[in-house]
Structures are given as C-alpha cells and as structure tokens.
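All remarks here apply to the structure that follows.
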Amino acid sequence: VDERARQDFAEFVAARSAALIRLAYVLTCDQHAAEDLLQTALTKAAAHWGRIHSAPEAYVRQIMYREQVGLWRRRARRPETAMAQVPDLPVADTASSLDTRLALQEALRSIPAGKRAVLVLRYLEDLPEAQVAQILGCSVGTVRSQTHKAIAQLRSVLPTLGLSSTEVHQ
Amino acid sequence: VSRSDELIADALRGIEEQAVVPRSMAAGAWRAGRRRHVVVRATSVAGAAVAVVAGAVLLPQAAASGPAQVPSAASTRVPIPPGQLRSPIQLRQVGKISGKPCPPGSHGLPGWPAPGAAANSSECFYLTPEGMTITSVHFITFGQPEPGQYAITVDLKAADRHRFGLLTAKLDGSRPPHDQLAIILRGHVLNAPMVGAEIIDGHVQIDGFASRALAEHIFRLLRTR
C-alpha cells in the first residue's frame with residue numbers, strides 16, 4: 001500500500017513541480033527560498049497523503065501560502081531595523097509598458113511577503129476575498145486591509161499606475 | 001477587471017516565470033514526510049488507518065532491562081488493569097521546540113536522552129497548558145506491524161477517549177509547531193507527533209522506534225508496576 005502511495009506521490013510531484021515552483025517563487029522572489037518552501041509543503045503533503053491524495057495540489061498550494069504568511073508574521077514581530085538611509089526603491093519610468101512592467105515587478109519584490117501573497121491570490125489567481133481569507137486562514141477584513149496597504153505601497157512607488165483604493169474592492 | 005489589476009497580474013506572472021524548476025523533490029519529501037507519518041497513528045472504528053503523525057524526534061536505543069514481560073508474538077494484547085499504568089502518559093500541545101538543551105531552571109522539558117548520552121537531550125520542548133494525563137487504560141498492545149517496526153498501541157478509556165478527541169481536533173490544522181502533541185513519559189518528551197486528524201476512537205499507536213529494545217523498554221515503563 002505504501003509503495004503504491006509513494007508512486008502516486010512521485011507522479012504528482014513530477015507532473016506539478018513546474019507549476020508549484022512558479023508559485024513558490026512568486027511568493028518568495030528567491031530561488032533557494034522557493035525550493036525550501038516547496039520542499040516543506042511537499043513533505044507535509046507526503047505525511048498526509050492518505051487523506052489528501054485525491055486533490056493534493058490545492059493542499060500543497062495552501063501550505064505554501066500559509067507558510068509564507070506565517071513566516072511574514074513571525075518576522076513582523078521582530079523590531080524594525082533602523083537604517084541610516086531609506087533603501088532605494090525603483091522609480092517608475094513610464095516611457096514604455098516594458099519599463100512599467102519591470103518597475104512594477106521590482107516594487108512587488110520589495111513589499112512584504114504576506115502582502116505579496118495576498119496580491120498573488122487576488123490578482124494572479126483571481127480569487128474573491130472570501131476565498132483568499134479561507135486559504136490564508138484569516139478574516140476577509142484582514143485580506144481587504146492587506147490588499148489596500150499593498151496597493152498603496154505599489155502606488156507610492158509607481159504613482160503613475162493610477163491605482164486607487166476603490167479598485168481594490170471591485 | 002481594471003487596467004491596474006491587469007498590470008499587477010502581468011507583473012506577478014513575469015516574476016513567476018523567472019523560477020527554475022528544480023530536480024525532483026519527490027523522493028526526499030516522501031522520506032521526510034513518511035518518517036513523520038508513522039510515529040503515531042490511530043485506527044478508525046472501521047479499522048482503516050487514520051493518518052495522524054509524527055514530528056520525528058529521534059528515539060534512542062535503550063538497554064532492555066527489568067523484568068522481561070514483552071510478548072514475543074508479533075502482536076499480543078496485554079490488558080492493563082485500571083489505574084495501573086506504571087508511568088502516567090502526559091500529552092501536551094507543543095508551543096515551541098528549541099534546538100538547544102533546556103537551560104537550568106527553564107520550564108521546558110528535554111527530549112528523550114540520545115543513545116549512550118547523559119540524561120540531557122539536545123532539544124528542549126516548551127509546552128502550552130493544553131493537554132491531558134493518562135493514568136489508566138483499557139489495554140496496551142505491543143506489536144510488530146511490519147518487519148523491523150515496533151509499535152505500542154494504547155486503548156484509551158471512554159473519558160480519556162473523549163478528551164483525546166477534543167485535544168486532537170484542536171491541534172489538527174493549528175499552525176506549526178502548535179499542531180504537534182508532545183508525548184511525555186517520566187519528565188522527558190518521548191516524541192512530538194504532528195496531529196493530522198481528529199482521533200475519535202481512542203486507539204493511539206506509537207511506533208517509529210529505532211529498535212526493538214527501545215520499544216520494549218518503553219512498554220515496560222508503561223505497563224509494569
């Protein structure tokens with residue numbers, strides 16, 4: 001029985017690794033951290049394989065989201081580090097859509113992982129707030145406020161994007 | 001969908017495209033996951049295995065000392081009279097696990113001593129108040145579910161079964177390490193399995209022992225008075 005389960009697991013990982021590492025990467029913005037995050041999620045999935053083998057991908061994705069938000073929460077409890085100068089942030093150069101895209105990518109990389117996770121769920125996976133809250137294990141109000149703060153942070157970096165807080169709740 | 005939504009989604013797609021697909025992680029994840037899986041298990045009323053599973057605290061070898069009362073059969077049911085557990089089993093929710101020995105005066109509990117080591121473990125478990133103490137059971141079974149694996153199954157009494165169900169339900173789905181249940185024997189954490197399901201039937205199987213000697217040693221600590 002265990003050998004059959006092991007084979008099922010190996011087939012799942014082989015088939016879905018590419019998609020899963022992309023999610024891990026966009027959550028962490030770092031290749032090594034992405035691999036660590038995916039490995040952690042797959043290890044947990046293996047531990048619960050008997051229970052989740054019929055729909056493992058949603059389980060693995062949820063673990064990655066929650067792990068990432070948990071990491072962000074733990075880091076958030078640490079005192080902030082005083083810096084002599086404000087760290088450089090990319091400034092929008094809207095001369096072309098490519099510039100805007102690259103500047104926005106840099107801005108997304110610079111925001112906290114928890115806020116980025118919310119944006120991934122809301123904009124990349126295009127999920128409603130209630131489902132985002134369910135996946136992250138938080139309230140809809142938290143999703144809303146984190147989205148709002150993330151958008152505000154992006155807007156401060158890229159004012160010409162024309163993002164408004166009202167768009168967040170559409 | 002507004003233009004700003006599209007811009008953000010497009011930028012996020014641009015980031016995820018930069019990921020490099022790693023070599024297969026399946027084998028390592030499976031080994032690590034299953035190592036955690038097998039240490040504590042419950043059997044459902046219907047007899048099917050219910051996953052519940054285990055933070056892999058390495059279990060040491062222990063000398064097989066004391067009266068030899070371990071059954072030689074692969075799986076033998078040994079009734080223990082009510083109130084006759086030699087060593088009560090404490091179950092407590094894990095709050096934090098430190099990779100360092102417990103400092104003097106700390107309220108943490110050490111892990112089971114490593115093979116051949118002095119009393120101190122290299123890990124220290126800080127526990128929450130959530131938990132229960134088992135002093136009597138219906139049965140304890142010593143068995144060998146698979147070649148090379150040894151298991152002690154504890155059949156809880158009705159009152160403890162209910163409390164254990166509530167406790168495991170609370171831990172299931174909690175954020176790590178709060179989803180781990182420390183099994184404490186004589187002031188040491190024998191293991192700290194991660195609870196992956198509510199256990200309602202009161203059959204708790206502890207396995208994953210490094211050797212038969214250790215499984216027998218623990219069995220004697222539990223059953224012999």
Side-chain angles (χ1 to χ4, degrees), chain A residues 1-2 5-6 9-14 17-18 21-27 29 31 34-35 38-51 66-67 70 73 97 100-109 116 119-120 122-124 126 137 151 154-155 158 161-164 167 170, chain B residues 1-41 44 48-56 96 145-146 149 172-180 193-198:
Chain A
V1 173
D2 208 49
R6 189 191 64 75
F9 180 77
E11 287 169 9
F12 162 71
V13 174
S17 273
I21 194 67
R22 281 200 300 273
L23 173 60
Y25 188 86
V26 77
L27 289 174
C29 290
Q31 181 68 27
E35 290 181 18
L38 179 54
Q39 185 78 21
T40 298
L42 290 176
T43 298
K44 290 192 175 186
H48 299 99
W49 191 250
R51 184 159 59 101
R66 290 195 174 190
E67 284 282 325
R73 282 177 179 151
S97 60
T100 301
R101 188 187 198 221
L102 292 176
L104 188 50
Q105 283 183 14
E106 285 308 305
L108 284 164
R109 286 174 179 274
R116 192 164 56 249
L119 294 183
V120 169
R122 288 283 284 119
Y123 296 101
L124 191 59
D126 199 22
I151 294 293
L154 293 179
R155 189 173 47 182
L158 295 165
L161 270 177
L163 300 171
S164 69
E167 287 179 301
Q170 287 177 353
Chain B
V1 177
S2 71
R3 171 169 161 69
S4 56
D5 290 1
E6 289 175 358
L7 284 172
I8 294 172
D10 182 57
L12 289 169
R13 273 192 292 273
I15 294 173
E16 69 171 5
E17 285 167 3
Q18 295 166 28
V20 177
V21 180
R23 64 178 176 78
S24 177
M25 296 176 162
W30 183 258
R31 278 195 302 272
R34 302 310 278 186
R35 200 162 48 235
R36 297 168 67 128
H37 176 81
V38 295
V39 183
V40 174
R41 178 187 302 140
S44 73
V50 174
V52 180
V53 118
K96 177 186 166 188
E146 294 177 38
Q149 290 193 13
D172 180 26
S174 294
R175 292 184 184 283
H178 296 282
D179 59 348
Q180 287 181 246
M194 180 175 65
V195 175
E198 176 186 5

At a heavy-atom separation under 4.5 Å, does A/Ala14 approach chain B through its side chain, its backbone, both, or neither?
neither
Can you say whether A/Val26 sits under 4.5 Å from chain B via the side chain, the backbone, both, or neither, judging by heavy atoms?
both
Who among A/Arg116, A/Gln39, A/Gln105 has the most heavy-atom pairs with chain B under 4.5 Å?
A/Gln105
Of all heavy-atom pairs linking A/Glu67 and A/Lys44, the shortest is OE2-NZ, 2.9 Å
Listed by chain and number, what are the side chain to side chain contact (heavy atoms under 4.5 Å, CB included) partners of B/Ala19, not counting sequence neighbours?
A/Ile21, A/Arg22, A/Tyr25, A/Gln31
Measuring heavy-atom distances to chain B, does A/Ala10 have an atom under 4.5 Å in its side chain, in its backbone, in both, or in neither?
both
A/Ile151 and B/Ile8 have their tightest heavy-atom pair at CD1-CD1, 3.4 Å
Considering residues at least two apart in sequence or located in another chain, which fulfil the side-chain hydrogen bond (donor to acceptor under 3.5 Å, both in side chains) criterion with B/Glu16?
none
